[in-house]
Amino acid sequence: MNNGDRLDNKIKPVADAQSPLLQEVHAYWRAKCGDRAMPARADLDPIDIPALLPNLILIDVIPPSGRLRVRLVGTWIVNQFGRDYTGRYLDEIDFGEAQDEILREYSAAAADARPVCSDHRYRNLGGQIYDIERLILPLSEDGERVSMLLIVLDFTERSASPPRQF
């Protein structure tokens, strides 16, 4: 598996997010919504959230297919996963056994124009195990159709796998 192993997954209400990073980006997103269901990409200013940038992903929702293409991946995420997926379609990335769940979560946020929050456990190629809390937030250029997704991931190291005996 290219990205290590996903060990478990759980979708939960955004209000149950434990990560201060997720709480901060969700509050920022809500403030930018105003009286709309979701803000536009142009409403977001990286200067407002510099500490969050390494943990962010931006994904374009490509009409009319709805395919998801990675526009930007923060440096912390690139370091954790060991590669930069910028320019790749989400359905072409090898997420191993988590593939269907990951695509379902991202697609639900895009199709339903709603935030999706989830917990994951992940083992990277170096054997480190992390709890990951993820928040997927829809963005819209016309106020109705989701045109982008803003994602924040927060990694908490749990443990390392025991060394292999040869």
Side-chain angles (χ1 to χ4, degrees), residues 2-34 36-61 68-88 90 93 95-96 98-99 101-110 112-140 146-160:
N2 285 345
N3 295 322
D5 296 325
R6 191 260 323 146
L7 302 174
D8 67 28
N9 174 32
K10 183 182 102 179
I11 293 177
K12 63 184 182 180
V14 176
D16 291 348
Q18 299 297 305
S19 165
L21 287 174
L22 271 65
Q23 293 170 0
E24 183 178 346
V25 77
H26 186 246
Y28 178 73
W29 179 84
R30 287 186 53 139
K32 295 298 182 177
C33 284
R36 300 168 293 172
M38 58 197 137
R41 164 62 186 95
D43 295 326
L44 309 179
D45 189 344
I47 292 173
D48 294 340
I49 52 172
L52 299 176
L53 297 179
N55 292 69
L56 294 182
I57 301 170
L58 280 177
I59 293 180
D60 292 316
V61 180
L68 305 172
R69 184 176 56 216
V70 180
R71 174 182 283 225
L72 172 85
V73 181
T75 55
W76 179 247
I77 295 169
V78 170
N79 289 336
Q80 292 294 48
F81 289 124
R83 62 181 53 189
D84 184 350
Y85 293 110
T86 300
R88 305 261 323 265
L90 217 55
I93 298 171
F95 293 110
Q99 185 83 21
E101 290 175 34
I102 288 171
L103 293 176
R104 230 182 342 268
E105 287 180 26
Y106 282 84
S107 295
D112 300 340
R114 65 175 173 83
V116 173
C117 187
S118 57
D119 290 319
H120 303 267
R121 187 156 299 150
Y122 170 78
R123 180 185 0 252
N124 70 14
L125 294 174
Q128 294 300 118
I129 297 174
Y130 293 90
D131 287 332
I132 300 174
E133 199 169 26
R134 177 174 59 215
L135 179 61
I136 306 167
L137 299 166
L139 304 174
S140 175
V146 176
S147 54
M148 293 185 86
L149 297 173
L150 171 68
I151 298 96
V152 62
L153 299 175
D154 194 3
F155 293 78
T156 303
E157 187 174 340
R158 286 188 58 93
S159 66

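Heads up: numbering here begins at 1 and tracks the sequence. Just so you know, these numbers come straight off a predicted model, no measurement behind them.
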**Q.** Within 6.0 Å of CZ in R36, more than 12 heavy atoms from elsewhere
**A.** yes
Q) Would you say the side chain of I77 lies within less than 4.5 Å of the side chain of F155, judging by non-hydrogen atoms? A) yes
**Q.** Pairwise side-chain contact, W29 with L139, heavy-atom cut-off 4.5 Å (strictly under)
**A.** yes
Q) Do you know the tightest heavy-atom contact between C33 and P39? A) SG-CD, 3.3 Å
Q | Straight-line distance of R104 CZ to Q99 CD, nearest 0.5 Å | A | 11.0 Å
Could you go through residues 51-60 and list every donor-acceptor pair under 3.5 Å that involves a side-chain atom there, pairing it with any protein atom two or more places apart or in another chain?
unit_1: N55; atom_1: ND2; unit_2: L153; atom_2: O; d: 2.8
unit_1: D60; atom_1: OD1; unit_2: R71; atom_2: NE; d: 3.0
unit_1: D60; atom_1: OD1; unit_2: R71; atom_2: NH2; d: 3.1
unit_1: D60; atom_1: OD2; unit_2: R71; atom_2: NE; d: 3.2

Q) About how many Å separate CD of E157 and CD of Q80, when rounded to the nearest 0.5 Å? A) 8.5 Å
Q) So, do L137 and M38 sit near enough that their side-chain heavy atoms are less than 4.5 Å apart? A) no
Q.
Looking at every heavy atom in both I136 and A109, which two are closest together, and how far apart are they?
A. CG2-CB, 3.5 Å
Q.
Minimum heavy-atom separation for L135 and C117, please, with both atom names.
A. CD1-CB, 4.0 Å
(Q) To check you understand the geometry: which heavy-atom pair defines the closest contact between R114 and V116, and what is its length? (A) NH1-CG2, 3.3 Å
**Q.** Qualifying residue for salt bridge (charged side-chain N to carboxylate O under 4.0 Å, His left out) with K32, from D45, D48, D43
**A.** D48
**Q.** Distance (rounded to the nearest 0.5 Å) between I151 CD1 and L22 CG
**A.** 11.5 Å
Q: Taking the side chain as every heavy atom from C-beta outward, state whether R134 and I102 have any atom pair closer than 4.5 Å.
A: yes
Q) Taking atom OG of S19 and atom CG of D131, what is their separation to the nearest 0.5 Å? A) 11.5 Å
Q) If you round to the nearest 0.5 Å, how far is CZ of F81 from CD1 of I93? A) 10.0 Å
Q: Please report the shortest heavy-atom distance between P138 and A113, naming the atom on each side.
A: CG-C, 3.6 Å
Q | Reported CG-to-CZ distance for the pair L149 and R69, which is rounded to 0.5 angstrom | A | 13.0 Å
Q.
Are the side chains of E133 and K12 in contact, using a 4.5 Å heavy-atom criterion?
A. yes
